[in-house]
2 protein chains.
Amino acid sequence: MPFTPSEIDEEKAHFANVITAFQQYAPYALTANNRRRKDFYTLSRADQDLLDDLGYKEKLAEADRAILMNATFLNQIVANPEIFGHEVDADDEQGPQQELPVAQSERHVHGHPYAQHSHGKHIHTHSHSTPADKSTNNDASVSHPKAKRYRPTDFDMDKLRSTLKQFVRDWSEEGRTEREVSYGPMKDALLNHFSGIPREERANFRVLVPGSGLGRLAWDVANLGFACQGNEFSHYMLLPSFFILNRTDAIESHTVYPYVHSFSNLPNNAAMLRPISIPDVLPSALPEGSDFSLVAGDFEEIYGAEDSPEEPQSGQWDAVLTCFFIDTAKNIVNYLRIIHRILAPGGVWINLGPLLWHFENNSTNDPSIELNIEEVKALARKIGFEISHERTIDTTYTNNAQSMLGYVYHAAFWTATKTV
Amino acid sequence: MPFTPSEIDEEKAHFANVITAFQQYAPYALTANNRRRKDFYTLSRADQDLLDDLGYKEKLAEADRAILMNATFLNQIVANPEIFGHEVDADDEQGPQQELPVAQSERHVHGHPYAQHSHGKHIHTHSHSTPADKSTNNDASVSHPKAKRYRPTDFDMDKLRSTLKQFVRDWSEEGRTEREVSYGPMKDALLNHFSGIPREERANFRVLVPGSGLGRLAWDVANLGFACQGNEFSHYMLLPSFFILNRTDAIESHTVYPYVHSFSNLPNNAAMLRPISIPDVLPSALPEGSDFSLVAGDFEEIYGAEDSPEEPQSGQWDAVLTCFFIDTAKNIVNYLRIIHRILAPGGVWINLGPLLWHFENNSTNDPSIELNIEEVKALARKIGFEISHERTIDTTYTNNAQSMLGYVYHAAFWTATKTV
């Protein structure tokens, strides 16, 4: 379905605003930290002296330095936005699916403007990092690209902070345990489903990972030898995905400080100021001939569209892996119908996640259907899945492992095969 | 310190607004649930039929019924607001401390208008139930009592939902484990500190519980035989405290549905719709001659004020128990100085809690000093405490035990004795 000129303008404006948010991170975060400094100077001299003896002012200075290191990294991500297509001439009437061949020559990137046409409500994100997301999503806004420079909102900055934490989850040694607990069982289930297939033939089987975030699960699946496609909606994930997958040439070549933004619930300074090195593996080191791609855009628009000869989806996928994804649905019935329809007969859907319905209590007038786990499974059976290997997996999701406040998701895991 | 007429007017207006929030709970919560019903009818007929087969519409009807049960309870709490003094003639020039003798004859209640003069920023609350609190506190507002009827905000309703969950923590069988994990070690430490004192002499020792919430820890301490005073700031805690302590005459005489407000992260309907009976004990059943009181108002104003002959505080307390309280400080130095000053020589401060600094990122222009645990302890030593029995206690705080998202605080515990 082609986009209207006004939709394309809106999309370009949103993209420009996200770039601005990345660029404005440093002044925004430094201002927040400087407020603490101002608060300090409102205290009595005696109180200031006591706190100074504890090293409070030096702590604020260290936070400033960590923020500047984060800014260096975030600015690199958006240093050349023209490679994403918005500054180059392109056919604006293309469909919603823009495929990015990953770890290939740059010619392909220019040929397929990346993330150009992802479309929809921009609050639609798969982040599970902060429950507060839902209550603040009314801050999301879109400005015209020709209007005065966009001023990033608290909501935008919360997204950026989530991006930094997502790097820990997907591309750091620190995130290894979290990945082993969540991605591990999903990959095991995939290998189990295709256990009769020799490794060298896995490339004949197509695996889709909707809500692929920074891309690690999809990359891992490609690394196992399957043909794998990630799909992601948020520019706050897509821009960093591109950077880490295509512009990073050494292990642990970047350092970020994902925990510097909150001074709450900390046992000590190290819990806040510890650096995280990324990446833990070389993203470009996929085996020769790997088939790995990322597609930018809305899951329902891309995979739920009527089949066209150029973009057939029905029955085209041998496996769909949803990790912390299905609760991004406004209407879960539609999500499950699409997953069922695009799977080949006997194809497998592997799910792990909670049900933090992203549109519950939304202020954007979107509908929201909110089922519990029993209902989701009953719905899946009605739609034509046979569910097995049901269990609960306790797992974290991007939180600071050294915080005094621990979040643990009792996430639902299952494999489901298409039966009808 | 007497209050100005405008401060008294503001306080009366705030009190009236809280009463209105209690009264408006039903229409507010029913409207939120009805939105789900409207969303349902936007779906295709086929999707509606599928969801109807799962019992989705019946689930919405059950949520309505649970909300109405909650409303019955909340309306009882504010059925007679005049007993709190705002509708009766009283001396408006009294000091900030308004003592409420608990479980005594009503004559005393009328003589000491309860919660009349609690004062300060109304967002100052000790609730740890939702991290989102901090991001939404700019919704707090105060209207004039003679203006048109106050329209409760999302922030007000979040407070009410927290109140219902707090009842589970403090006054239900369901909350027993949480109390044993958190209040248990604090009471043990208190008994240990006074182990040389015969039980019948405990009434000579005065224990203060700042941030007493719905009053259970303070009540438990009084039940052990100590003279105990709770102090609480929030009307959302004070009104229900009064109701449960003075207007409840049978165990499990009330039923609430604290988990009906969110449809997210639920394994099944029972996790959302299960009733909680309160209270688990008879609050009026304190031993004959117990000395138990609650004081409404701001901790720093009441206990940090210059000593007056009528209200001496310095050195007047033998123990101070802070449970999930110290992070409500704007300036933790002042909190610790006050605790130190009001303790008698050799007195004990027993602490349990995280450091979710309530004023971090506030939008009310309040200062906020945010230390980590190491710094808080170092500060306490500088101020004149000797710290012992330091350990970490893993504990929940009012969350739905059946949710797929579990929060666990790795809370800091210590006892500290006043040395200088």
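Just so it is clear, the model here is predicted, and its values are computed rather than measured.
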message: To the closest 0.5 Å, what do you measure between CE (M404(B)) and OG1 (T392(A))?
response: 6.5 Å
- prompt: Between A412(B) and chain A, which part of the residue has a heavy atom less than 4.5 Å away: side chain, backbone, both or neither?
  reply: both
query: What's the spacing between E360(A) CD and H261(B) NE2 if we round to 0.5 Å?
result: 11.5 Å
- request: Calculate, to the nearest 0.5 Å, the distance between atoms CG and CZ belonging to N365(A) and R35(B) respectively.
  value: 6.5 Å
message: Is any side-chain heavy atom of L50(B) closer than 4.5 Å to one of I383(A)?
response: yes
- prompt: Quick one: CG on N269(A) to CG on N372(B), what's the gap to the nearest 0.5 Å?
  reply: 5.0 Å
message: Please evaluate residues L43(B) and N334(A) with respect to the criterion side chain to side chain contact (heavy atoms under 4.5 Å, CB included), reporting the C-alpha separation (whole Å), side-chain torsions for both, the decisive distance (0.1 Å), and the verdict.
response: CA-CA 10 Å; L43(B) 303 186; N334(A) 198 41; over 6 Å; no
- prompt: Are the charged groups of R337(B) and D47(A) less than 4.0 angstrom apart, N to O?
  reply: yes
- prompt: Got I369(A) and Y56(B) here, is their nearest side-chain heavy-atom distance under 4.5 Å?
  reply: yes
task: Answer yes or no: are there more than 12 heavy-atom neighbours, outside E386(B) itself, under 6.0 Å from its atom CD?
output: no
- prompt: At what distance, to the nearest 0.5 angstrom, does CD of E374(A) lie from CG of N268(B)?
  reply: 4.5 Å
query: In terms of heavy-atom pairs under 4.5 Å with chain B, which of S44(A), G55(A), P267(A) leads?
result: P267(A)
message: So for T42(B), is it side chain, backbone, both, or neither that comes closer than 4.5 Å to the heavy atoms of chain A?
response: side chain
CG on L355(B) to CZ on F263(A), rounded to 0.5 Å: 13.0 Å
- request: Please examine the side chains of V333(B) and L51(A), heavy atoms only from C-beta on, and report whether any two atoms are closer than 4.5 Å.
  value: yes
- request: Go through the steps to decide whether L54(A) and L371(B) satisfy the test side chain to side chain contact (heavy atoms under 4.5 Å, CB included), and finish with yes or no.
  value: CA-CA 9 Å; L54(A) 300 176; L371(B) 304 186; 4.1 Å; yes
- prompt: With only heavy atoms counted, which part of A271(A) is less than 4.5 Å from chain B, the side chain, the backbone, both or neither?
  reply: neither
message: Under a 4.5 Å cutoff for heavy-atom pairs, which residue among L379(A), D53(A), I373(A) has the most contacts with chain B?
response: I373(A)
task: Counting only heavy atoms closer than 4.5 Å, note whether K377(B) contacts chain A via side chain, backbone, both or neither.
output: neither
statement: The residue among K59(A), R37(A), R36(A) that forms salt bridge (Lys or Arg N to Asp or Glu O under 4.0 Å) with E370(B) is R36(A)
message: Please rank S403(B), S368(B), A32(B), A378(B) by heavy-atom pairs under 4.5 Å with chain A and give me the top one.
response: S368(B)
